[in-house]
Protein chains: 2
Amino acid sequence: MFQALADPARRGMVERLSQGPASVSELARPLDMSLPAVMQHLAMLEAGGIVTSEKVGRVRTCRMNPDVLSLAEQWINQRRTQWERRLDRLGDFLAAEEDPK
Amino acid sequence: MFQALADPARRGMVERLSQGPASVSELARPLDMSLPAVMQHLAMLEAGGIVTSEKVGRVRTCRMNPDVLSLAEQWINQRRTQWERRLDRLGDFLAAEEDPK
DNA sequence: TCGATAGTTAGGCGATCGCTTGACTATTTC
DNA sequence: GAAATAGTCAAGCGATCGCCTAACTATCGA
């Protein structure tokens with residue numbers, strides 16, 4: 001699912017979708033790339049759960065799924081804060097060494 | 001840099017590093033994988049700016065860089081909240097339609 | 001100084017990625 | 001119902017990924 005965010009074109013699509021649903025060709029328009037290529041990217045975003053889509057008539061409408069994004073966000077946040085807490089404890093320890101009582 | 005987080009082995013390394021610096025072989029130990037493979041993963045983490053390392057004597061010590069992680073976190077957070085704000089506005093709009101004053 | 005330890009370089013190999021073109025299938029719209 | 005529209009399937013191709021082994025270098029410890 002980080003996999004899905006690994007490609008710039010796909011991140012572009014997510015940016016577009018973050019401001020509202022879009023059809024496949026709308027997603028494709030700014031992307032200088034064939035439609036099938038866009039579909040493949042879309043498939044990866046769907047595989048990662050970041051995007052869902054449904055087809056009505058001949059147009060497929062894609063929309064973002066914030067839950068999965070929030071999961072990714074949490075994962076990163078946990079690693080980061082764990083590291084930062086560690087730095088803080090280290091700082092405390094060094095301060096205590098330097099000025100014991 | 002999302003690229004760097006795309007592989008499970010690398011995420012494992014980041015998890016390990018989030019609880020403190022480690023040598024290359026410490027990172028490799030839980031990973032059922034040859035040392036050169038670990039080095040390649042490490043190189044990608046460094047390329048993505050997520051990890052830095054320095055060699056003293058014969059051991060290379062790796063540590064996490066929270067800044068870049070925080071950047072990724074922000075990117076995700078922005079897309080997600082933008083989408084959620086949109087949903088809120090839409091909800092308000094629908095509520096207003098249903099009960100106009 | 002000799003051997004063990006920690007890491008590095010190089011080459012190779014199969015799988016996946018990112019993209020293309022060409023052909024085809026549904027839906028509108030006129 | 002013919003032509004434009006919106007999307008899909010399939011095959012193929014070069015580049016990159018993820019992994020390996022083999023060979024090598026640089027330190028450290030006894």
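These figures come from a predicted structure and were not determined experimentally.
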Pairs meeting criterion ring pair (Phe, Tyr, Trp, His ring centres under 6.0 Å) with involvement of residues 22-78 of chain A, two or more places apart: A/F2-A/W75

The complete set of ring pair (Phe, Tyr, Trp, His ring centres under 6.0 Å) pairs with one or both residues in residues 50-69 of chain B, sequence neighbours excluded, reads none

Does A/G57 or A/H41 map to a spot on DNA chain C nearer the 5' end, using the closest nucleotide for each? A/H41

Between A/V56 and A/D32, which residue's closest nucleotide on DNA chain C lies nearer the 5′ terminus? A/D32

Would you call A/E15-A/R11 a salt bridge at under 4.0 Å N-O? no

Whole Å only: how far is the [atom1] atom of [X] from the [atom2] atom of [N]?
X     : N      : atom1 : atom2 : value
B/Q3  : C/dT16 : CD    : C1'   : 12 Å
B/M44 : D/dA15 : CE    : C1'   : 13 Å
A/M33 : D/dG7  : CE    : P     : 16 Å
A/R10 : C/dT16 : CZ    : P     : 15 Å

Determine, step by step, whether B/N77 and A/L69 satisfy the side-chain contact (heavy atoms from CB on, under 4.5 Å) criterion, reporting the C-alpha distance in whole Å, the side-chain angles of both residues, the deciding distance to 0.1 Å, and the verdict. CA-CA 8 Å; B/N77 187 30; A/L69 274 184; over 6 Å; no

Decide yes or no for A/D7 and A/M44: does some side-chain heavy atom of the first lie under 4.5 Å from some side-chain heavy atom of the second? no

Once you apply a heavy-atom cut-off of 4.0 Å, does B/A37 come out as touching a base, just sugar-phosphate, or nothing? sugar-phosphate

Return no unless some side-chain N or O of A/S34 is found under 4.0 Å from OP1 or OP2 of C/dT20. yes

Residues passing the salt bridge (Lys or Arg N to Asp or Glu O under 4.0 Å) test with A/E46, sequence neighbours excluded, are none

Which side-chain N or O atoms in residues 57-65 of chain A pair as donor and acceptor under 3.5 Å with protein atoms at least two apart or in another chain?
{"from": "A/R60", "atom 1": "NH1", "to": "A/S53", "atom 2": "OG", "distance (Å)": "2.9"}
{"from": "A/N65", "atom 1": "OD1", "to": "A/D67", "atom 2": "N", "distance (Å)": "3.1"}
{"from": "A/N65", "atom 1": "ND2", "to": "A/G49", "atom 2": "O", "distance (Å)": "3.1"}

Just report the end-to-end axis angle for the helix from C/dT1-D/dA30 to C/dC30-D/dG1, five pairs per end, to 10 degrees. 20°

Does any N or O in the side chain of A/R79 come within less than 3.5 Å of the main-chain N or O of B/S18, such that one atom is a donor and the other an acceptor? no

Report, as a single string ordered 5' to 3', how protein heavy atoms within less than 4.0 Å touch nucleotides 3-10 of chain C: B base, S sugar-phosphate only, - not at all. -BBSBBB-

